[in-house]
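Basis for what follows: all heavy atoms, side chains included, without hydrogens, waters or symmetry-related copies. Numbering starts at 1 and runs along the sequence shown. Every value quoted in this text rests on a predicted model; they were computed, and no experiment measured them.
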Amino acid sequence: MTARATQSSTPSEYSPLLSADPDAAGHAHSIFAQNQHECQVANAPPKKLARRLYISHFLSTWNSRVFEFGAVLYLASIYPGTLLPMSVYALSRGVAAILLAPAVGNYIDTGNRLQVVRASIGVIPIGWLQVYYEIPELQQPKTKASLDEPSTESDQHKGVARLWHYCHRITHKVVGDFASYFRHPVFLPSFSGALLYLTVLSFSGQMVTWLLSTGYESTQVGIARTLAVAFEVLATWIAPWLMGRIGITRAGLWLANWQIASLVAGISIFWMFPDQPLISASGLVGGTILSRVGLRGFDLCVQILVQEGVEAENRGNFSSIEAAWQNAFEIGSYISTIVFSRPDQFGWPALISIIAVGIAGILYTVFARMQRGHLIHVPKWISAPGMLQQTRDRCLERISSASDV
């Protein structure tokens, strides 16, 4: 009995990340555990292992961001005055991510997590070269196999049949995964988080290329990106503190509103000074930088809701569908800059981004209303029985006494 209790308290991928949302208590539609004791993690992972994981993630992110920024500067120097090449490059990346997302999600769910991480790190050109030189068969000419062992017509038919069966099985699984995703209780926060990827206001390739066309130098763009990252890091302190004070659901609502307000302020300055490119661009840059606090904080809230609301055995499939939607909306942002490829047309993709953020906020507000039963905390002196009637009577008495005077 003691062994079972000890085993159940050991953290694993089945353990929730944080305690239950206090706002969810008392509501019948809550998807989180009401027992705080069930959500406590008794044993934390060793600090040495956690430190190595953080360093690995930092180096991976550093490599990705440096390559992304360098590729943008390279394309902008080759094709100045247009957003089209950068958008096409990013579009091809997004399409590849969508096509591979279901297979990756299935691999994560069915494989060992540590082996999956190692495999994802190892899939680099150096690894392919090592495999090539270690397997002599790969170095043989392609025509030799066809000459020595010619394939028969029956073998070709069998290969086509196997390929068709595989495609049919994958398609059926993908359709089932999408249906399960739409029916899940945390669909709304997940979809609203994915919708935020429909934006060009993120210091990605499109916005960097546009800033360079307005007169910004690469050093100034780098400083702006650094400030944006600093605000994103700040969100990793603000969001947990806010969640501890008001709960995960309400914190996500507040952070979403912060992001919307910051972007609306930035786009307003952008539209107010159309004849002064540096001022309008700086206003949009400032609003985007401030919005990163809300973006990353909201994303953290959404991921915690997903991790605690989705069953452990389905997290890989759910996350893969979520990633597919993220890439689909990201592709939408690239299409917007392909259609409006001139730098003087950047205001329209920016406006589409604001609308997408607003719709995401509305969807999350609907989820918060369903989860908590209300959106606004009414003060006790207002919600007390008979208090509204008493206040109304006092107002009428004051109005009547003033008219008598």
**4.5 Å side-chain heavy-atom contact, Thr249 and Tyr364** = yes
**Prompt:** Roughly how far apart are Ser280 OG and Ile269 CD1, rounded to 0.5 Å?
**Reply:** 10.0 Å
**Prompt:** Roughly how far, to the nearest 0.5 Å, is CG of Asn317 from CZ of Phe178?
**Reply:** 11.0 Å
**Asked** Can you tell me how far CG of Leu263 sits from OG1 of Thr199, rounded to the nearest 0.5 angstrom?
**Response** 6.5 Å
**Prompt:** Between OG1 of Thr226 and CZ of Phe203, what distance do you get to the nearest 0.5 Å?
**Reply:** 10.0 Å
**Prompt:** Is there a side-chain contact between Val200 and Ser336 (heavy atoms, below 4.5 Å)?
**Reply:** yes
**Message:** When you compare the side chain of Val357 with that of Leu196, does any pair of heavy atoms fall below 4.5 Å?
**Reply:** yes
**Request:** Supply the atom-to-atom distance Leu84 CG to Leu75 CG, rounded to the nearest 0.5 angstrom.
**Result:** 11.0 Å
**Request:** Step through the shown structure and confirm whether more than 12 heavy atoms of other residues, nucleotides or ligands are within 6.0 Å of OH on Tyr54.
**Result:** no
**Prompt:** Going by heavy atoms in the side chains, are Pro349 and Trp210 under 4.5 Å from each other?
**Reply:** no
**Complete:** Shortest non-hydrogen pair, Ala235 vs Gly297, comes out as CB-N, 3.8 Å
**Close side-chain approach of Ser190 to Trp325, heavy-atom, < 4.5 Å** = no
**Complete:** Here the pair of heavy atoms bringing Gln276 nearest to Ile279 is OE1-CD1, 2.5 Å
**Item:** Side-chain heavy atoms of Val88 within contact of Ile338, under 4.5 Å
**Value:** yes
**Ring centroid separation Phe346 to Phe340 under 6.0 Å** = no
**Asked** With side chains defined as the heavy atoms from C-beta onward, is the minimum distance between Met207 and Ser202 less than 4.5 Å?
**Response** no
**Message:** Applying side chain to side chain contact (heavy atoms under 4.5 Å, CB included) to His184 and Asn314, what does each step give before you reach the verdict?
**Reply:** CA-CA 11 Å; His184 205 279; Asn314 295 326; over 6 Å; no
**Request:** Kindly say whether Gly176 contributes a backbone atom to a donor-acceptor pair with the side chain of Ser180 at under 3.5 angstrom?
**Result:** no
**Asked** Is it the case that more than 12 heavy atoms not belonging to Glu217 sit under 6.0 Å from its CD atom?
**Response** no
**Asked** With no hydrogens and no angle check, is any side-chain donor or acceptor of Asn327 less than 3.5 Å from a backbone partner on Ala323?
**Response** yes
**Request:** Please report the C-alpha distance between Ile335 and Leu91 in whole Å, then the side-chain angles of each, then the deciding distance to 0.1 Å, and finally whether the side chain to side chain contact (heavy atoms under 4.5 Å, CB included) criterion is met.
**Result:** CA-CA 7 Å; Ile335 293 176; Leu91 178 65; 4.3 Å; yes
**Message:** If you compare all heavy atoms of Leu198 against all heavy atoms of Ser333, which two are closest, and at what distance to 0.1 Å?
**Reply:** CD1-N, 3.3 Å
**Asked** Looking at Trp271 and Gly347, what are the two nearest heavy atoms and their distance?
**Response** CZ2-O, 3.7 Å
**Asked** Stepwise, does the side chain to side chain contact (heavy atoms under 4.5 Å, CB included) test hold for Val186 with Phe318?
**Response** CA-CA 10 Å; Val186 294; Phe318 188 93; 3.7 Å; yes
**Asked** Can you check side chain to side chain contact (heavy atoms under 4.5 Å, CB included) on Met243 and Ile248, steps first, answer last?
**Response** CA-CA 5 Å; Met243 285 186 283; Ile248 302 174; 3.9 Å; yes
**Request:** Could you pull out the closest heavy-atom pair between Ala224 and Val285, with the gap in Å?
**Result:** CB-CG1, 4.1 Å
**Message:** Quick one about Ser282 and Tyr216 (side-chain donor to acceptor, distance below 3.5 Å, no hydrogens or angles considered), yes or no?
**Reply:** yes
**Item:** Qualifying residue, where the test is ring-ring contact (aromatic ring centres under 6.0 Å, His included) with Phe191 and the options are Phe367, Tyr197, Phe329
**Value:** Phe329
**Request:** Can you measure from CD1 (Ile267) to OG (Ser262) and round to the nearest 0.5 angstrom?
**Result:** 13.0 Å
**Complete:** Tightest non-hydrogen contact, residues Thr209 and Gly205, listed as OG1-O, 2.7 Å
**Asked** Do the non-hydrogen side-chain atoms of Leu305 and Gln371 ever get within less than 4.5 Å of each other?
**Response** no
**Phe231-Trp258 aromatic ring centre distance below 6.0 Å** = no
